[in-house]
Amino acid sequence: MTIKPILIHPDPRLKKLAAPVADLSDELRQLADDMLETMYDAPGIGLAAPQIGQLTRLIVMDCVKEEGAAPQPTVMFNPEVLAASDELNTYEEGCLSIPEQFADVTRPAEVTVRWIDRDGAEQTRDFGGLWATCVQHEIDHLDGKLFIDYLKPLKRQLITRKMVKLKRERARL
Ligand code: K1U
Ligand code: ZN
């Protein structure tokens, strides 16, 4: 397995619509495994393929945060939100493509998601709590949307400027 470099905003690849997976292959399973390793290494609770420059509808997640609890690595090809609750939840979100920046985002508190798992089987499940927030954040990545797109323009511009500076500093190293 390989840890892949994570793209930092602003990057045109983070704004593009990712293409659906037509057929599962060993290559795509390898990509999912690399993404899980990259996510755990970061560390993060989710990662979407566009964040490593792959414009494919693939996300990985593990929102188990309790010390000592069994990990729940989750791989989703072509994830789709089938239903969303009227009830909303606000969570202070972060993003591995926007390091060290956090902001409150309000989203449906519960969602029903359908996807193809690592074995090629169709799955449908209801998510709540942090899993619901995370799966919506990751599916947004597949549609070229970042959590800062939910913020007021001024705040979004401020964060973008910080990221441009961070990328310039990193490039100088
Ligand atoms: O998609 C990403 O960039 C990953 C992102 C997912 C996410 C975080 C918070 C709300 C919604 C979606 C992250 O994982 S940021 C890092 C993070 O939240 C975290 C890192 C270590 C331990 C616990 C959380
Ligand atoms: Zn993100």
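Keep in mind that what you see is a predicted model, and the values were worked out from it rather than measured. The figures that follow rest on heavy atoms only: side chains count, while hydrogens, waters and symmetry mates do not. Atoms within each ligand, like the ligands themselves, are counted from 1 in listed order. We're numbering straight along the sequence, starting at 1.
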Consider every N or O of [X] and every N or O of ligand 1, then say whether any pair is closer than 3.5 Å.
X	result
Gln51	yes
Ser97	no
Leu96	yes

Does a side-chain heavy-atom distance below 4.5 Å link [X] with [Y]?
X	Y	answer
Met163	Leu166	yes
Leu146	His141	yes
Asn78	Trp115	no
Ile8	Leu96	no
Asp117	Val75	no

Using a strict cut-off of 4.0 Å, indicate which atoms of ligand 1 neighbour a heavy atom of [X].
X	result
Gly46	1 (O), 2 (C), 4 (C), 14 (O)
Glu138	1 (O), 2 (C), 4 (C), 6 (C)
His141	1 (O), 3 (O)
Cys95	3 (O), 15 (S)

Next item on the list: Validate the cation-pi geometry between Lys145 and Tyr150: distance from NZ or CZ to the six-membered ring centre under 6.0 Å, angle to the ring axis within 45°.
Entry: yes
Notebook entry, point to check: With a 4.0 Å cut-off on heavy atoms, is Pro43 touching ligand 1?
Noted result: yes
Notebook entry, point to check: Does ligand 1 have an atom that lies less than 4.0 angstrom from a heavy atom of Met61?
Noted result: no
Checklist line | Residues Lys15 and Asp149 bridged, charged N to O under 4.0 Å | finding: yes
Margin query: On a heavy-atom basis, I'd like to know which of Leu146, Leu47, Ile45 is closest to atom 18 (O) of ligand 1.
Written below: Ile45
Among all protein heavy atoms, pick out the one at the shortest distance from [atom]; state its residue, atom name and that distance to 0.1 Å.
atom	answer
atom 10 (C) of ligand 1	Glu93 CG, 3.7 Å
atom 5 (C) of ligand 1	Gly94 O, 3.9 Å
atom 11 (C) of ligand 1	His137 ND1, 3.7 Å

Note to self: Name the residue from Leu7, Leu31, Asp34 that meets the side-chain contact (heavy atoms from CB on, under 4.5 Å) definition with Ile52.
What the structure shows: Leu31
Next item on the list: Scan Leu130, Val135, Ile45 and name whichever one has a side-chain contact (heavy atoms from CB on, under 4.5 Å) with Met61.
Entry: Val135
Notebook entry, point to check: Is at least one protein non-hydrogen atom found at under 4.0 angstrom from atom 22 (C) of ligand 1?
Noted result: no
Item checked: CD (Glu27) with more than 12 external heavy atoms under 6.0 Å -> no
Margin query: Please report, to 10°, the angle around the Zn ion (ligand 2) from atom NE2 (His141) across to atom NE2 (His137).
Written below: 100°
